[in-house]
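First up is the structure itself, then whatever we jot down about it.
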2 protein chains.
Amino acid sequence: MPRNRRPRDREEKSAEIVAAAATLFTDVGFEKTSLVSVAKVAGVTTNTIYWYFESKEALLVAVLDHLLAEALHGVDEQAETPLVDRLLWVVGRLDERAKLVTTVHALATTSPVVEAWHDGFHAVTNEILADGLRQSGIPEEQVVPMTRLGVFAIEGLLMHPLPEAEQRAVLRLALDGPR
Amino acid sequence: MPRNRRPRDREEKSAEIVAAAATLFTDVGFEKTSLVSVAKVAGVTTNTIYWYFESKEALLVAVLDHLLAEALHGVDEQAETPLVDRLLWVVGRLDERAKLVTTVHALATTSPVVEAWHDGFHAVTNEILADGLRQSGIPEEQVVPMTRLGVFAIEGLLMHPLPEAEQRAVLRLALDGPR
DNA sequence: ACCTGAACACCGTTCAAGT
DNA sequence: ACCTGAACACCGTTCAAGT
């Protein structure tokens, strides 16, 4: 029982693993990142990862939670700017993580853990976008399909890089319609 | 030189491998399908696959070409029906292959072969959709963003299953705008 | 030209053993 | 409770060898 092992060691170690995984997953990609390389960066052994996380996919979910919290930090201060700009801001922040967007969709069809995270993520983002639309005075029966189209547009923009002017054109079209 | 080896053996064998891979990739998923299982279904050895295809990803591209040709067969006869219904028809036909849609996007970021196929696919579908929009009398400067939004909507519908009535609502909104 | 057997390097995961 | 060494089963891929 060494006295230098403080009680927050657990969260620290786990946080280091998540941080290492977050960098590698976004840069190298989830599939191409081996747990050995995650362990190396985090300064632990492969098996240690399994003490903290049930599987590689469970580690991915922890990474996603971490990045989401990070990405959402600051979205509140933007409550005053127009909806289109707010969405554009979100797209800009998520752009470096684009690789993970496709990874999540690919894994959601086979991995229950990832599927659960994906469903929860959509529930949250749908709610945020739907609220924004209602406050813009969109008639209630159009809120649901427009929310869906808006989310599809955001996902599409993340998966297919485009200059910002064209991103804006697509989002405006999705929210305001032609003209 | 056995006399029962006909000259079309090569295409036959390769077609059998593609057919086996097409079934397994769509049902089990690309990542979860091992080349051993493909070989077993096709009645060959794993190494034989490498005689016909450069890699597992090259085999995927062959499968995609095969399925695309199959899916596009019959789209011409629909030239008279409204654009929304035509897109809905395409979505319906691709729905069982939804797993592959996400796989292609996931691999496109790391595999040049798959990225090339993905780019070509988008070029073709963009053209088809843009032509349809022009014939519907959409003003030229709106054709490009509307095509993009339309493709994003289709991909979104493939990645997130929805009842047909809601699929139609999203597509109508993308093409006709609110009201 | 076409196909195989046997190996290679690597992967996610497990488990008995240590502290 | 936490971590490790060593192994497991499996994977995509390669290559020398056969016909």
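- Among residues two or more places apart in sequence or in another chain, the salt bridge (Lys or Arg N to Asp or Glu O under 4.0 Å) test is passed with B:Glu127 by none.
- Where DNA chain C pairs in unbroken runs of 3 or more (Watson-Crick or G-U, both distances under 3.5 Å), the stems are C:4-8 with D:12-16, C:12-16 with D:4-8.
- C:dC2 atom P lies 15 Å from atom CD of B:Glu16, rounded to whole Å.
- A sub-4.0 Å separation between OP1 or OP2 of D:dC3 and a side-chain N or O of A:Tyr52 is present.
- Pairs of residues two or more places apart, or lying in two chains, never qualify as ring-ring contact (aromatic ring centres under 6.0 Å, His included) while including a residue from residues 57-76 of chain A.
- Not counting sequence neighbours, the partners of A:Thr23 by the side-chain contact (heavy atoms from CB on, under 4.5 Å) test are A:Asp27.
- Regarding A:Lys32, its NZ atom lies at a distance of 14 Å from the P atom of C:dC10, rounded to whole Å.
- Side-chain nitrogen and oxygen atoms of A:Thr45 include at least one within less than 4.0 Å of the OP1 or OP2 phosphate oxygen of D:dT4.
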In residues 53-61 of chain B, what donor-acceptor pairs under 3.5 Å come from side-chain atoms, sequence neighbours left out?
unit_1  : atom_1 : unit_2   : atom_2 : d
B:Ser55 : OG     : B:Glu57  : N      : 3.4
B:Ser55 : OG     : B:Ala58  : N      : 3.2
B:Lys56 : NZ     : B:Phe30  : O      : 3.0
B:Lys56 : NZ     : B:Thr33  : O      : 2.8
B:Glu57 : OE1    : B:Ser111 : OG     : 3.1

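- Here A:Ile128 is tied into one hydrophobic group with A:Val124, each link being a pair of ILVMFWY side chains closer than 4.5 Å.
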Hey, can you pull the donor-acceptor pairs under 3.5 Å for the side chains in residues 145-165 of chain B, sequence neighbours left out?
unit_1   : atom_1 : unit_2   : atom_2 : d
B:Thr147 : OG1    : B:Val143 : O      : 2.6
B:Arg148 : NH1    : A:Glu166 : OE1    : 2.3
B:Arg148 : NH2    : A:Glu166 : OE1    : 3.4
B:Glu155 : OE2    : B:His105 : NE2    : 3.1
B:Glu155 : OE2    : B:His122 : NE2    : 3.1
B:His160 : ND1    : B:Gly156 : O      : 3.1
B:His160 : NE2    : A:His105 : NE2    : 3.2
B:His160 : NE2    : A:His118 : NE2    : 3.3
B:His160 : NE2    : A:His122 : NE2    : 3.0

Would you mind building the protein contact string for nucleotides 12-19 of chain C? One character per nucleotide, 5' to 3', B for base within reach (heavy atoms under 4.0 Å), S for sugar-phosphate only, - for untouched. SBB-----
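- Using a 4.0 Å cut-off between charged nitrogen and carboxylate oxygen, B:Glu70 and B:Arg97 count as a salt-bridge pair.
- For the pair B:Trp51 CH2 and C:dG5 P, the computed distance is 17 Å after rounding to whole Å.
- Screening residues 78-92 of chain A for side chain to side chain donor-acceptor pair (under 3.5 Å), with sequence neighbours left out, gives A:Asp85-A:Arg168.
- Separating the CD1 atom of B:Ile49 from the P atom of C:dT4 is a distance of 11 Å, rounded to the nearest angstrom.
- Sorted by residue number, the list of members of residues 101-114 of chain B with any non-hydrogen atom under 4.0 Å from DNA chain C is empty.
- Remark: A:Arg134 engages A:Asp131, A:Glu140 in a salt bridge (Lys or Arg N to Asp or Glu O under 4.0 Å) (not counting sequence neighbours).
- For the pair A:Thr125 (side chain) and A:Phe121 (backbone), a donor-acceptor distance under 3.5 Å is present.
- With sequence neighbours excluded, no residue forms a salt bridge (Lys or Arg N to Asp or Glu O under 4.0 Å) with A:Glu16.
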